[in-house]
Amino acid sequence: MSFLNASSPRYAAESDIEAGTSARRSADLDDGDFSDPFDIARTKNASVERLRRWRQAALVLNASRRFRYTLDLKKEEEKKQILRKIRAHAQAIRAAYLFKAAGVGPGSEPIKPPPIPTAGEFPIGQEQLASISREHDTAALQQYGGVVGLSNLLKTNSEKGIHGDDADLLKRRNAFGSNNYPRKKGRNFLMFMWDACKDLTLVILMVAAAASLALGIKSEGIKEGWYDGGSIAFAVILVIVVTAISDYKQSLQFRDLNEEKRNIHLEVVRGGRRVEISIYDIVVGDVIPLNIGNQVPADGILITGHSLAIDESSMTGESKIVHKDSKDPFLMSGCKVADGSGTMLVTGVGINTEWGLLMASISEDTGEETPLQVRLNGVATFIGIVGLTVAVIVLIVLLARYFSGHTKNPDGSVQFIAGKTKVGDAIDGAIKIITVAVTIVVVAVPEGLPLAVTLTLAYSMRKMMADKALVRRLSACETMGSATTICSDKTGTLTMNQMTVVEAYAGGKKIDPPHKLESYPMLRSLLIEGVAQNTNGSVYAPEGANDVEVSGSPTEKAILQWGIQIGMNFMAARSESSIIHVFPFNSEKKRGGVAIQTADCNIHIHWKGAAEIVLACCTGYVDVNDQLVGMDEEKMTFFKKAIEDMAADSLRCVAIAYRSYEKEKVPTNEELLSHWSLPEDDLILLAIVGLKDPCRPGVKQAVELCQKAGVKVKMVTGDNVKTAKAIALECGILNSYADATEPNIIEGKTFRGYSDAQRDEIADRISVMGRSSPNDKLLLVQALRRKGHVVAVTGDGTNDAPALHEADIGLAMGIQGTEVAKESSDIIILDDNFASVVKVVRWGRSVYANIQKFIQFQLTVNVAALVINVVAAISSGDVPLNAVQLLWVNLIMDTLGALALATEPPTDHLMDRSPVGRREPLITNIMWRNLLIQVNSVSHLLVPIL
C-alpha cells in the first residue's frame with residue numbers, strides 16, 4: 001500500500017489566473033497519486049471528487065464518529081444552496097425597487113417624504129434604516145437629507161463620530177440592536193453519546209451481552225449468571241462514555257477557536273479620535289474608516305470616498321468590483337474593500353443586515369481533512385482488513401472446534417456433544433465465540449487512529465494560541481512540520497514595526513536634527529500641507545492635554561509624528577485645503593498621491609513613496625535659499641547617494657514631493673474625477689526621510705534555529721535592496737557581505753524578467769528579494785514549489801492574497817494584516833513576530849512525531865492481541881483474551897492512549913531534525929524494528945500469564 005511507503009518527491013503549483021502558465025503546468029500533480037485514494041498530498045483546495053473517493057474507500061465501523069471532523073460534503077452543498085437563495089432574494093428586492101423607481105416619470109405623483117417616527121431615543125427607526133440599505137433607496141436617502149441628514153437623525157457627527165460613552169452605546173443597542181447574530185446551537189454531550197453508540201460492533205456486543213446475560217441467569221441463576229453478560233455490557237458502556245467525553249471536549253476547543261476567528265478588530269471614530277474595538281461592539285451611528293483590504297463590518301452609507309471599490313462577491317455571488325460614490329453610496333456588511341479608501345456611517349448591524357441573516361441561516365462547518373488524516377484512514381483501512389480477516393478465521397475455527405466436540409472445559413469435559421447438550425447451552429457457547437470474534441474486530445479496526453490526528457491538532461491549536469498563532473486551517477498545523485522554506489516579509493515580522501524618522505534631507509542638504517526646518521518657511525508650509533493631506537492616518541489632540549494621539553500604519557505614524565515636530569497642526573492644516581482626489585498607496589507603483597485645492601484656489605498634487613522611485617519623477621527641488629530650482633545632474637547624484645547611505649544603515653527611505661497643476665485640467669464630473677490619473681511628472685522634491693525600524697529581539701536566534709532545522713529563510717520585501725541587505729545581515733539571513741551578491745540578493749523586477757526555467761534555476765539560491773511586488777512573491781512561491789519545496793509565506797496586504805493562497809502554508813499578520821490577507825491565509829500570526837512562525841514549525845513537527853508514537857503504540861497492541869488470539873484459537877480451540885479483556889485493551893489503546901500520546905508538547909530536539917517529507921512513510925524502518933521487538937516481548941509476557 002502506498003500510504004506505508006515513500007513515493008516520488010512532490011512538484012506542484014496550483015492553477016491561478018494571476019500566476020500564468022507556470023502554475024497550470026503542474027497543477028495536476030498537486031493532488032498526489034490518483035490510483036491511491038488515500039494519497040492526497042495537499043487537501044488545501046482539493047477537488048470534491050478526490051475527497052469523496054477516499055471516504056468511499058475507507059473501512060469504517062462508525063462513520064458518524066470517524067468522519068465527524070472531516071468536511072461534510074452534503075452539508076457543504078446545502079450551505080451553498082442556502083447562500084444562493086438568500087442572494088437571489090436580496091437581488092429580487094432590489095430589482096423590484098428599481099422597476100418601481102423606473103416607473104416614476106415626470107407625470108407621476110411626487111414621492112412623499114417617508115414618515116419619521118418621533119417615539120424613542122432617535123427620530124428614525126430601525127425599519128426605515130433597513131429599508132434604505134436593503135433596497136439601496138437613493139431617493140429615500142435624499143429625502144432624509146442625504147448622509148448628513150441621516151447623521152443628524154442618528155445623533156452622530158460625520159467627522160467625529162458618536163460620543164461613545166456607555167450610556168450612548170446602550171441606547172443605540174436598545175434602539176437598533178447589536179452587531180451579532182444568533183449562533184446555531186452546538187451539539188450537546190448526549191448527542192456525542194448517541195454517536196458513540198452507533199458503532200456497529202458495539203451494537204452487536206450489546207446484543208450479545210444481553211443474550212449472554214439472559215442465558216447465564218437462566219442456567220446459573222442471577223447470583224452467578226450475570227458475570228459474563230454484565231461484564232461485557234459494563235465494558236461497552238465505559239468505552240462509549242469515555243469516547244463521548246473525549247469527543248465532546250474536542251468539539252468545545254474547536255468552538256472556542258472558531259469564535260476567536262470571527263472576532264475581527266477594527267478602528268472606529270468616536271469623540272473625534274480613532275479607537276480599536278471588536279466587530280461585535282459596533283453600533284448604528286458609528287463612523288468607520290475603510291482602507292484597502294478591510295471588511296465592511298456592518299451595513300452603511302458612504303460619507304466620503306476616494307476611488308473606493310468594493311468586492312461584493314460574498315453577498316451577490318458575482319465576482320464583480322463595484323465602485324462607490326454619492327450615486328451608489330450603499331455598503332453591505334461582509335464585503336471587502338478592493339481598492340481606495342473612505343469613511344462610512346453605520347446604519348444596520350447584526351441580524352438587521354443581509355450578512356447577519358445569511359450567517360444566522362448557515363452553521364459554520366469546522367470539518368476539514370488533512371493529508372495526514374487521509375493517510376491514516378488508509379492505514380486504518382489496511383489494518384482493519386487484516387483484523388477482519390483474522391476475526392473471520394478465529395470465528396470459523398472456534399465454531400468448527402466447538403460443534404465438532406474438540407472444545408473442552410477447564411475440567412477436561414467436552415463443551416458440546418451432539419444430541420446431548422441443551423439448546424440453550426449450545427447457543428450460549430456460540431454467542432461467546434461470536435462475541436470474541438466481534439471484539440477482535442473492535443480491537444483490530446483502529447477507529448481512533450485518524451481521530452488521533454484531530455485530537456493532536458485540536459490540542460496543538462489551543463496551545464498555539466498561547467504562542468500567538470491562530471490556526472484557520474487544520475492541515476496547516478501538520479504541513480508546517482514539513483516546511484522547507486519560509487518566505488518572510490521584513491517590516492513588522494523581522495523588524496519591530498516601530499518606525500521613527502531619524503534622518504532627513506531637505507533644502508538640498510542633510511537636516512540635523514531632522515525636524516529643524518524653521519529657516520525654510522515655504523518648504524515647511526508645503527511639507528505640512530503634504531504630510532497632513534496625503535495620509536490615511538490621523539492625529540487626535542485631546543482638549544487640555546499636551547500629548548497627541550497618532551494613528552495609522554507605522555510608516556504613516558512616523559511621518560505624521562515628524563510633521564508634528566516640524567510644527568504641523570493636523571486639523572488646522574487639513575482645514576486650510578480641500579481634497580479633490582486621492583490615489584491610494586499602491587504596492588506596484590510604491591507610492592500614493594493626493595490632489596488638493598488650497599484656500600486661494602490653487603491646485604497642488606502631493607506624492608509620497610519609495611525614495612528612488614519618487615526622486616526619478618522629480619525635475620526640481622527646494623534649495624538652501626527656500627527657492628524652487630531645477631534638478632541638475634550633480635544634485636540628482638547627491639540625493640541618490642543620500643538614499644544609498646540611509647539604506648545601508650537599514651533605514652526605510654521615503655520621498656515627499658509635490659507639483660502645482662492647472663485648475664482647468666482637473667475633471668469636474670464626479671465619474672471622470674474617480675478615474676483621473678494624478679500627474680506624476682515634473683515633481684518638486686520637498687524632502688527625503690529615513691525611518692528606523694529596529695530588528696525584533698531574538699529574531700537572529702529564530703533564523704539560526706530555522707537554518708539548523710533545515711528550513712531556509714528568505715526575505716521578500718518591498719523596501720530598497722540595500723535596506724533589505726542591511727536588515728538581512730543583522731537578522732542572520734545573510735551570513736556575510738560576501739553572500740550579498742546576485743542571485744543571493746536580487747531585485748523584484750530582475751526576477752520578474754526571467755523565464756520560468758531561469759526562475760526555477762535560481763529560486764533555491766535567493767535569500768533576499770528587494771523592491772518586490774506581490775506578484776514577484778507569487779512567482780517565487782511557484783518556482784520553489786515546482787522545485788519540490790514545501791513553502792510557508794508571510795503576508796499582510798490585500799495584494800499578498802494570491803501568494804498566501806498559492807503557498808503550502810499562508811501566514812497572515814494579525815496586527816498589520818488586512819482582512820483579505822487573513823481570509824486567504826491558513827494561520828494568523830497574532831503578534832506579527834517571526835519567532836512565532838518558528839514556534840509554529842515546532843508544533844507542526846510535534847504533530848507528526850506524536851502521531852508516529854501513537855501508531856507504534858496502537859500497532860504493537862493490535863498485532864500482539866491478534867497474534868495471541870489467532871495462535872491460541874487454532875492450537876487449543878480457546879482464546880486467552882476474552883471479550884471483556886479485549887474491550888479494556890481497546891479502551892486503553894483507542895481512546896486513552898490517543899489522549900496521552902497525542903497531547904505531548906513539542907521538545908527542542910524536534911528542531912535538530914530535517915523537515916519530514918510529506919511523502920515519507922508514516923511507519924519508518926526504525927518503527928517497524930521497534931514494533932516487531934515490542935510485539936515479541938508483549939507476546940512472551942502475556943502467554944505465560946494467560
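Only this structure's heavy atoms are used, side chains among them; waters, hydrogens and symmetry mates stay out.
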Any side-chain heavy-atom pair of Leu780 and Met769 under 4.5 Å: yes

Whether Arg759 side chain and Ala783 backbone form a donor-acceptor pair below 3.5 Å: no

Interatomic spacing from CD1 in Ile733 to CG in Leu494 - rounded to 0.5 Å: 5.0 Å

Parallel, tilted or perpendicular: ring planes of Phe857 versus Phe854, cut at 30 and 60 degrees: tilted

Gap between atom NZ of Lys822 and atom CG of Leu804 - 0.5 Å precision: 12.5 Å

Closest heavy-atom pair and its distance - Ala835, Ala702: CA-CB, 4.1 Å

Inter-residue atom distance Tyr848.OH - Leu910.CG, 0.5 Å rounding: 13.0 Å

Non-hydrogen side-chain atoms of Val790 and Thr479 separated by less than 4.5 Å: yes

Name of the residue among Val699, Thr794, Asp489 meeting side chain to side chain contact (heavy atoms under 4.5 Å, CB included) with Phe834: Val699

Residue pair Leu830, Ile815: steps toward the side chain to side chain contact (heavy atoms under 4.5 Å, CB included) verdict: CA-CA 6 Å; Leu830 298 173; Ile815 299 171; over 6 Å; no

Heavy-atom side-chain contact between Asp760 and Lys787 under 4.5 Å: yes

More than 12 heavy atoms of other groups within 6.0 Å of Gln758 CD: yes

Glu806 backbone acceptor or donor facing Arg785 side chain under 3.5 Å: yes

Check: Ile486 and Val711 side chains under 4.5 Å, non-hydrogen atoms: yes

side-chain contact (heavy atoms from CB on, under 4.5 Å) partners of Thr495, counting only residues at least two apart: Lys490, Thr491, Asp693, Ile727

Other residues, nucleotides, ligands: >12 heavy atoms within 6.0 Å of Lys853 NZ: yes

Ala807 to Val793 - nearest heavy-atom pair and separation: CB-CG2, 3.7 Å

Criterion side chain to side chain contact (heavy atoms under 4.5 Å, CB included) against Met813, the qualifying member of Ile829, Ile828, Asp831, Asp800: Ile829

Distance (rounded to the nearest 0.5 Å) between Glu823 CD and Lys336 NZ: 3.5 Å

Side chains of Asn263 and Ser278, donor plus acceptor under 3.5 Å: yes

pair Lys700-Glu730: side-chain heavy atoms closer than 4.5 Å: no

Exam field: side chain Arg696 to backbone Gly492, donor-acceptor pair closer than 3.5 Å: yes

Side-chain touch Met480/Trp843, heavy atoms, less than 4.5 angstrom: no

Flag for Ser824-His805: side-chain donor and acceptor within less than 3.5 Å: no

Heavy-atom side-chain contact between Pro906 and Lys463 under 4.5 Å: no

Minimum-distance pair of heavy atoms, taken over all atoms of Met464 and Cys477: SD-SG, 3.8 Å

Test log, rule side chain to side chain contact (heavy atoms under 4.5 Å, CB included), inputs Lys714 and Leu784: CA-CA 11 Å; Lys714 300 177 187 292; Leu784 288 166; 3.8 Å; yes

Electrostatic pair Asp467-Arg842, nearest N-O below 4.0 angstrom: no

Cys487 side, atom SG; Met715 side, atom CE - distance, nearest 0.5 Å: 12.0 Å

Smallest separation among heavy atoms of Val716 and Ser772, with atom names: CG1-OG, 3.4 Å

Pair Val916-Arg845, side chain to side chain contact (heavy atoms under 4.5 Å, CB included): steps then yes or no: CA-CA 8 Å; Val916 178; Arg845 293 188 175 192; 5.8 Å; no

Donor on one side chain, acceptor on other, Ser836 and Asn833, under 3.5 Å: no

Student check: side-chain heavy atoms of Val471 and Asp826 closer than 4.5 Å: no

Rounded distance [0.5 Å steps], CZ in Phe751 versus OG in Ser773: 10.5 Å

Polar contact flag, side-chain donor to acceptor under 3.5 angstrom, His789-Asp808: no

Heavy-atom closest contact (Cys695 atom, Cys731 atom, distance): SG-SG, 3.4 Å

For the student: nearest non-hydrogen atoms of Val768 and Ala724, plus distance: CG1-CB, 3.6 Å

Candidate pair Leu470 and Met461, rule side chain to side chain contact (heavy atoms under 4.5 Å, CB included), full reasoning: CA-CA 7 Å; Leu470 171 62; Met461 286 167 72; over 6 Å; no

Arg752, CZ: over 12 other non-hydrogen atoms inside 6.0 angstrom: yes

Exam field: side chain Asn850 to backbone Glu904, donor-acceptor pair closer than 3.5 Å: yes

